Peer 1: 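This structure is in structure tokens; I'll ask about it shortly.
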Amino acid sequence: MSELLKVEGLSAGYGEAVVLNDVSFALGEGQTLALLGRNGTGKTTLINTLAGATRRHAGTISLGSVALHKLPSHERAAAGIGWVPQERNIFKSLTVHENLTAVARPGRWTPARVYEMFPRLGERKTNLGTQLSGGEQQMLAMGRALVVNPRLLLLDEPLEGLAPIIVSELLKAIARITREEGLSAIIVEQHPQAILAISDRAVVLDHGSVVHADTAAALRSSPELLDRLLGVAR
Amino acid sequence: MNAGTSPIARESLLRTARMKWWEPVLWIVLFALPKLIPSQAPIINETATWALFALSLDLVLGFAGIVSLGHAAFFGFGAYVAALFAQHVSPDPHVGLLVAIAATAVLGLFASLTVLRGSDLTRLMVTLGLALIMTELANKLEWLTGGTDGIQGLTIAPVLGRFQFGFDGIVASYYSLTLLLLFFLLARVVVNSPFGATLKAIRDNRLRAMAIGIPVNARLIAIYTLAAGIAGAAGAAFTQTLGYASMEVLSFDRSADVMLMVVIGGIGWLYGGVLGAIIFKVVQSVLSNITPQYWMFWIGLFLVVLVLVGRERLLKPWTWVKGTKA
Amino acid sequence: QDNVFKIGLILPMTGQQATTGRQVEAGVKLWMAQNGDTVAGKKVQLIVKDDASVPANTRRLAQELVVNDHVNVLAGMGITPSALAVAPIATQSKTPLVVMAAATSSITEASPFIVRSSFTLPQASVALADWAPKNGIKTVVTLVSDYGPGIDAEKFFKERFQFNGGKVTDSLRVPLMNPDFAPFLQKVRDEKPDALFVFTPSGAGAALMKQFGERGMDKAGIRLIGTGDITDDDQLNQMGDVALGVVTSHHYSTDHNSPMNKKFVAAFEKANPGLRPNFMAVGGYDGAHLIYDAIKKSGGKGGGEALVNAMKGDLFESPRGPIYIDAQTRDIVQNIYLRKVEKKNGQLWNVEFDVIKDVKDPGKTK
Amino acid sequence: MLTILFDGIAYGMLLFVLAVGLAVTMGLMNFINLAHGAFAMAGGYITVLLMQRLDVPFLVCLPIAFAGAALLGAVLEPPLYRPLYRKPHLDQVLFSIGLVFMAISAVDYYIGSTQQIMQLPAWLKGRTEIGSLGMGHYRLFIIAVCAALTVGLQYILAKTRFGSRLRASVDDQRVAAGLGINVNVVFLSTFAFGSGLAGLGGALGAEVLGLDPTFPLKFMIYFLIVVAVGGTSSITGPLLAALLLGIADVAGKYYIPKMGAFIVYTLMIVILLWRPNGLFVRQGGKA
Amino acid sequence: MNDVVLSCRGLVKKFGGITATNDVTLELRRGARHALIGPNGAGKTTLINLLTGVLEPTAGTIMLEGQDISRVAPHLRVRRGLVRTFQINQLFASMTPLQTLALVVSQQRGLGARWWRKLGQDAGVAERAQQLLEQFRLGEVANQRTEHLAYGKRRLLEIAIALACEPRVLLLDEPVAGVPAGEREELLETVAALPADVSVLLIEHDMDLVFSFANRMTVLVNGTVLTEGTPAEIEANPEVKTVYLGHGDEINEGLPLEGRSHV
Ligand SMILES: Nc1ncnc2c1ncn2[C@@H]1O[C@H](COP(=O)(O)OP(=O)(O)OP(=O)(O)O)[C@@H](O)[C@H]1O
Ligand SMILES: Nc1ncnc2c1ncn2[C@@H]1O[C@H](COP(=O)(O)OP(=O)(O)OP(=O)(O)O)[C@@H](O)[C@H]1O
Ligand SMILES: [Mg+2]
Ligand SMILES: [Mg+2]
């Protein structure tokens, strides 16, 4: 399996503040990575840095043969990044449909296919972004990242606020997409068990540094390790 | 509950409301000015009425979040009421002042009903529209207001029966400064009170304000009425110290200028209006003395630089070079 | 210090009245350049201030000029409310105030220290009301800007015109801030009077005249008459052919045919390239003349009262013709000319074709 | 009667052309650009000066006025406007008023404070009478230009993705960029386009409204009224608002001249009290 | 103690063509720990908005303590003890948590219109605010502006505000969203520990928490009430499984559902 994403010696933060410290890891094509860590350890900051929305101080990021860190934020989407920000950030003055078409790029994922995956969104096509329920906004954020037709999906707590049945379906869908379409994904979640089940690899952050990097299966099968790293036995 | 900690909470709550050491100093300096530089008394007087007017706008704009581009409606109304009172009823400045404040507050009460709903832009335009209509009225009701000529040559009785307004402007500037101080103290009490806190809550988040039981409309009406009254006081001071009222007191330029002053000085901070008025007036009069034709250019440049560099950083030049990248 | 004579000139140098300020200032400066700055042993110093047509500014500037700069004379005044706001200061400080632009009749009554070197609107409109009935104009609609001077013009024109047997069929007032004259002109067109009498502050006049032409009112047989403000010399040339044939009455035309005016215009245009002197410039020029005369007559001694007394009855030849200051009213008495816009050497001029001599301000002969 | 309607429409259309650029910058970009009138003034002066000094034909001047103002906008946007998009509205007001002051003085300094008067070509000066309907040719011309503009703009905003990409950038610059929208280019081109429209409006309006350095302040209120009443979320809103105001103003002044200036202001207040977010808001609007 | 405190009957809300709430009838008993669950977009938030008066119902009535409040202004409902939290934080950005809570306490005690006293001067206000700060572990950020707080802290403040209103009926809309896993239980315990006569309606997608908290549950689907019952009944309901909980075994592997055994 060829390597898709390679992060080396990455330090980044906001303004003068450095949140991430010398982070390095790699991810193969079609693989899913679970990004774990306690609150405020820098998970979102890492995702945002990959998307180009923070200030990078040092280090490199390469996506395939592209030196991602050299690109401005808006060119990273073209290079293959699809981003679901933690706070959803639905474009509030656009309709559901416009939210999708505004960022869509040609490829397998079209708005129509998104509506297939989330029928609920199809029914709300002409609603403004702000008129959606919390969960619907979450679905839209996901769909919006997909229609960019990325090679790497960045999902920041994508399950928050979704009904259990949707959660299970979404997890299945993510597993399917990555498997069938060779898409890679990085998923941040509060509930490690849920995503470790569908992930290939796991990275745990603490205080902005990588404290554990291994296969997901290994971490999942070791409750003591989970407890030590994340402070949750579940 | 830890009984030992509660005084701390109370302490830090009250701290914001406490007078800082520089405040009395500032006021002493302000009150000394007409004596120190008597030659500048006219502009001190004018600036003080502007500052009072700006204080009024800051109450609604800075503390209740209501944008108003027609605030001159209240200033002007107060000015005309004071003028008509002096012309037809009595030259007594004190009663005139009170009547003007009361009348303007009533006007504010009615006008407040128009600013309860809508976006910033809506309020901007509705208030602007009201002021424009008032201006037209002042023009049309010539028999009452003197039309464009205004009401001229008023005689105002001495303040406290002793101090006659003279053309040197000394008495006038003390009159206006005193009003400014009184209303400033009142405004200060109001914004630091629970009532003031509910206003800020409404400004920050109306939905939440409602959800904790604040009667949003009643509060907005109350503050708008109070602010209108203060603007009326400023207008009355204008008329009484200058001895006339004409349509300029209602003009769009006056509304716009007072807005500029409040924004220059910083909104949501009572000294903002006062400071803004001082800066604006001083800059304007210095510039227009240097270049009567093109002072507008320089004041424009001042505003542009003020915004681009930032109000705080303008006071700290050493941050200019470094900070621009952030 | 004692040998300095200070003139505090307050004018609108910015804002919509800025052109007034420029013309008056240029007029004053031209007089001073031509006549030197030493009069009766005094060095004349000019202090120019901008009030942006805000009376509160005018008043404060006057206060400062009197209190701090100890000016001997206040002058300028672009608009009536400014002049009225300054009047009490003139009275209290006994400083003469020479009004060089503002034109409402009542100004000189506001203080015994006010003297006017410009004109009054009643002066100009009454002359027109005398001329019109004699020239085939029997019915008129008046259209004036809705503010003091406009209402003055309407009132005095109407009174005199009806006294002379004419009929004013409608009186329209246009808001000062009015971007489009279409509805008013259409109304006039539908009423078909013999002539439309217009007063607008200079500036708006051009737009009105163009719309007048565009609407084909002249072809419908309606004549355009008005006070000279609408064919302001300052702008006349750019108005184009629509202005041709418009009859106005005023106290000054750049085209006035006198040796003195020829000299004045030449000197003015030399000092201010690209600018034609208009009636405002003459107001400034003659105002300065008046002040110089007063200094001379009072020998440079005596205060404000002496100066005002010296101005009263002052009589001299101005570029507009002979003028004098009525000793009782301190207002100007002058010839009012009837003029028609004509093209000469490819340029438009207000060509005078009749004159009514020594017109006093009718506003004061109640 | 018909003539009044016609005049009202023409006047409304003129207001629209002048205000539509503001509807773009203020409505779509959410930037309170009070300096809009300054760009209109630039367009007006470009036209007048080209015609007066170089005898350029009027029709040629119009696109030049558009391009000139657009260029001015494009030059000013990166250093001056871009840092301000995220600042509070009041700062934007302060800043753009400052620009207006500078523009007024600069024009005064270089060109002078007198009214500039434009000489239209002969074919635009005439008037056609059809029964009781009299139509000034210039007014017909304005209506035509304006109609073309409306159709074009509507197409750009509704049928192309540009409109939604622009609004997305306004809503959330950071996320829009992260999802592949080149926010800077979108803003720059929109701003330049809005300024260009203002310039065109100024060029067309100079004939009717007159042109002097105080132009940006004098007519600012009218631009704002149109945008506020029309709502800031579409092009048709301001168009209908401009037409409504134009017709009401002209008809009001014709039939009840005594009411003069009250009509427009009263109408505006009534509409805004009835529909606080403007007559025509995007369906649903802000919650 | 089993009397109905808050109820709605035949409640309908339409947004244009969308019927978000369709003939909902619901009763909340005194002291209830009631959960409202349902798929995304089922109309849960809308229902809360209707109950609290943020939205006006298209049809239907709402009764609080036996009185019809359908037409009562939102802030007056709060004064009668009907208090909510928001799914998306609604805070006063420029104030500190301390000021916010002092304000809410003042308002709650009817001192909100006092313009002549200082905020915090009235007896007991500062003390109560301090108590709430400590209860929600906001002590060390008490004097920072709210807009600069970390998300988790803001979430806590959101709930603290609701409690400061001394609710009789408390409506919680996904209160723990964004709160770290470890702290969620603790937060709900605070809520559960409210006086026994305070009624609570909880919306939440974290089934672990819901089943540990609620003693009664209502399931809302497509704007209508699908069923109502005890947690055990709901859990066993096959319909609820299909539309909301899901059947699949794979979810049990890691999803919070597993924790519900200790209900
Ligand atoms: N915009 C910002 N400016 C400055 N500091 C920030 C900003 N956003 C986050 N931080 C800080 O960066 C650190 C890491 O935050 P980040 O959001 O990456 O954490 P996280 O692991 O995603 O936490 P959570 O689980 O709560 O989402 C925190 O200490 C936070 O205070
Ligand atoms: N202002 C509005 N205009 C149009 N539709 C709306 C509006 N507000 C909500 N809706 C629709 O009403 C439905 C119910 O929304 P609501 O927010 O009540 O759902 P919810 O049950 O809270 O969902 P979630 O669990 O995802 O938060 C949704 O489909 C939503 O799209
Ligand atoms: Mg995060
Ligand atoms: Mg919800």
Side-chain angles (χ1 to χ4, degrees), chain B residues 1-19 59 62-65 116 185-223 225-226 266-269, chain E residues 52-54 73-80 82-86 89-96 98-122 124-131 133-135 139 142-143 146-147 158 161-162 164-165:
Chain B
M1 176 178 45
N2 184 343
T5 53
S6 26
I8 300 174
R10 167 181 287 232
E11 181 64 11
S12 52
L13 276 174
L14 296 181
R15 190 163 45 224
T16 42
R18 192 164 308 132
M19 192 152 293
L59 281 180
F63 290 92
L116 298 177
L185 292 175
L186 173 68
R188 203 192 145 84
V189 169
V190 168
V191 301
N192 287 319
S193 69
F195 173 83
T198 62
L199 291 179
K200 285 178 235 172
I202 293 169
R203 175 195 66 191
D204 281 2
N205 192 333
R206 190 185 268 246
L207 180 63
R208 188 50 184 251
M210 244 184 268
I212 59 170
I214 298 175
V216 172
N217 287 350
R219 293 293 148 80
L220 290 182
I221 290 173
I223 191 67
T225 306
L226 172 68
I267 64 166
W269 178 52
Chain E
T52 52
V54 172
H75 69 269
L76 295 178
R77 301 187 197 195
V78 180
R79 289 206 195 154
R80 296 190 190 186
L82 180 59
V83 178
R84 70 175 294 186
T85 65
F86 290 85
N89 286 341
Q90 302 289 344
L91 301 170
F92 305 127
S94 72
M95 296 196 200
T96 66
L98 174 60
Q99 286 169 341
T100 304
L101 292 174
L103 160 69
V104 180
V105 173
S106 300
Q107 178 64 39
Q108 164 60 27
R109 299 188 177 178
L111 310 173
R114 293 202 174 189
W115 58 265
W116 59 94
R117 302 271 294 183
K118 287 180 185 156
L119 178 66
Q121 213 176 13
D122 289 291
V125 170
E127 288 69 20
R128 174 72 182 131
Q130 176 76 20
Q131 191 186 359
L133 284 173
E134 277 160 24
Q135 190 177 354
N143 290 312
T146 301
E147 60 193 337
E158 171 76 34
I161 291 176
C165 290

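Lettering follows sequence order; numbering is per chain, from 1. This is a predicted model, so every value here is computed, not measured.
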Peer 1: Taking all heavy atoms of B:Arg219 and all of E:Gly112, pick out the closest pair and write down the distance.
Peer 2: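 Between these two residues, the closest heavy atoms are NH1-O, 3.4 Å.
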
Peer 1: Do E:His75 and B:Pro215 have side-chain heavy atoms sitting under 4.5 Å apart?
Peer 2: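 Yes - at least one pair of side-chain heavy atoms lies under 4.5 Å apart.
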
Peer 1: With respect to chain B, which residue among E:Thr96, E:Leu119, E:Thr100 yields the maximal number of heavy-atom pairs within a distance under 4.5 Å?
Peer 2: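 Most heavy-atom pairs within the cutoff with chain B belong to E:Leu119.
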
Peer 1: I need the minimum non-hydrogen distance between E:Ala162 and B:Arg208, along with the two atoms involved.
Peer 2: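 Of all heavy-atom pairs spanning E:Ala162 and B:Arg208, the closest is N-NH2, 3.8 Å.
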
Peer 1: So what's closer than 4.5 Å to chain B heavy atoms on E:Thr52: side chain, backbone, both or neither?
Peer 2: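 For E:Thr52, no heavy atom lies under 4.5 Å from chain B.
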
Peer 1: Please report the interatomic distance CZ(B:Arg203) to CE(E:Met95), rounded to the nearest 0.5 Å.
Peer 2: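 Taking CZ in B:Arg203 and CE in E:Met95, the distance rounds to 7.0 Å.
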
Peer 1: How far does CD of B:Glu11 sit from CG of E:Leu98, to the nearest 0.5 angstrom?
Peer 2: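 Reported to 0.5 Å precision, the distance equals 11.5 Å.
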
Peer 1: Does any backbone or side-chain atom of E:Ala113 lie under 4.5 Å from a heavy atom of chain B? Answer side chain, backbone, both or neither.
Peer 2: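 Contact with chain B involves both backbone and side-chain atoms of E:Ala113.
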
Peer 1: Specify the closest pair of heavy atoms between E:Ile161 and B:Ile212, including all atoms of both residues, with the distance to one decimal.
Peer 2: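 Nearest heavy atoms, E:Ile161 then B:Ile212: CG2-CG2, 3.5 Å.
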
Peer 1: Between E:Glu158 and chain B, which part of the residue has a heavy atom less than 4.5 Å away: side chain, backbone, both or neither?
Peer 2: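 Answer is both: backbone and side chain atoms of E:Glu158 are under 4.5 Å from chain B.
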
Peer 1: As an exercise, state the distance from CG of B:Asn205 to CD of E:Gln90, rounded to the nearest 0.5 Å.
Peer 2: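 One finds 4.5 Å between CG of B:Asn205 and CD of E:Gln90.
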
Peer 1: Looking at every non-hydrogen atom in both residues, tell me the closest pair between E:Phe86 and B:Leu207 and how far apart they are.
Peer 2: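 So the two residues come closest at CE2-CD2, 3.5 Å.
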
Peer 1: Measure across B:Met210 and E:Pro74 and return the closest heavy-atom pair with its distance rounded to 0.1 Å.
Peer 2: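 Minimum heavy-atom separation between B:Met210 and E:Pro74: SD-CG, 3.6 Å.
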
Peer 1: Treating E:Gln107 as the side-chain partner and B:Gly213 as the backbone partner, does any N or O pair qualify as donor plus acceptor under 3.5 Å?
Peer 2: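 Present.
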
Peer 1: Using a 4.5 angstrom heavy-atom cutoff, name the option from E:Lys118, E:Arg79, E:Arg77 with the most pairs to chain B.
Peer 2: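 When all of E:Lys118, E:Arg79, E:Arg77 are compared, E:Lys118 has the most.
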
Peer 1: Distance check, rounded to the nearest 0.5 Å: E:Trp115 atom CH2 versus B:Leu199 atom CG?
Peer 2: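 Rounded to the nearest 0.5 Å, the CH2-CG separation comes to 13.5 Å.
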
Peer 1: Compare every heavy atom of E:Gly120 with every heavy atom of B:Leu13, then report the nearest pair and how far apart it is.
Peer 2: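 Smallest interatomic distance, heavy atoms only, reads CD1-CA, 3.8 Å.
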
Peer 1: Looking only at heavy atoms and a cut-off of under 4.5 Å, which of E:Gly139, E:Cys165, E:Ser94 has the most pairs with chain B?
Peer 2: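 Ranked by contacts with chain B, first place is E:Ser94.
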
Peer 1: So how far is it from E:Phe92 CZ to B:Thr198 OG1, rounded to the nearest 0.5 Å?
Peer 2: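 With rounding to 0.5 Å, CZ (E:Phe92) is 9.5 Å from OG1 (B:Thr198).
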
Peer 1: If you tally heavy-atom pairs under 4.5 Å against chain E, which of B:Val191, B:Ile214, B:Val189 wins?
Peer 2: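 Option with the top pair count is B:Ile214.
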
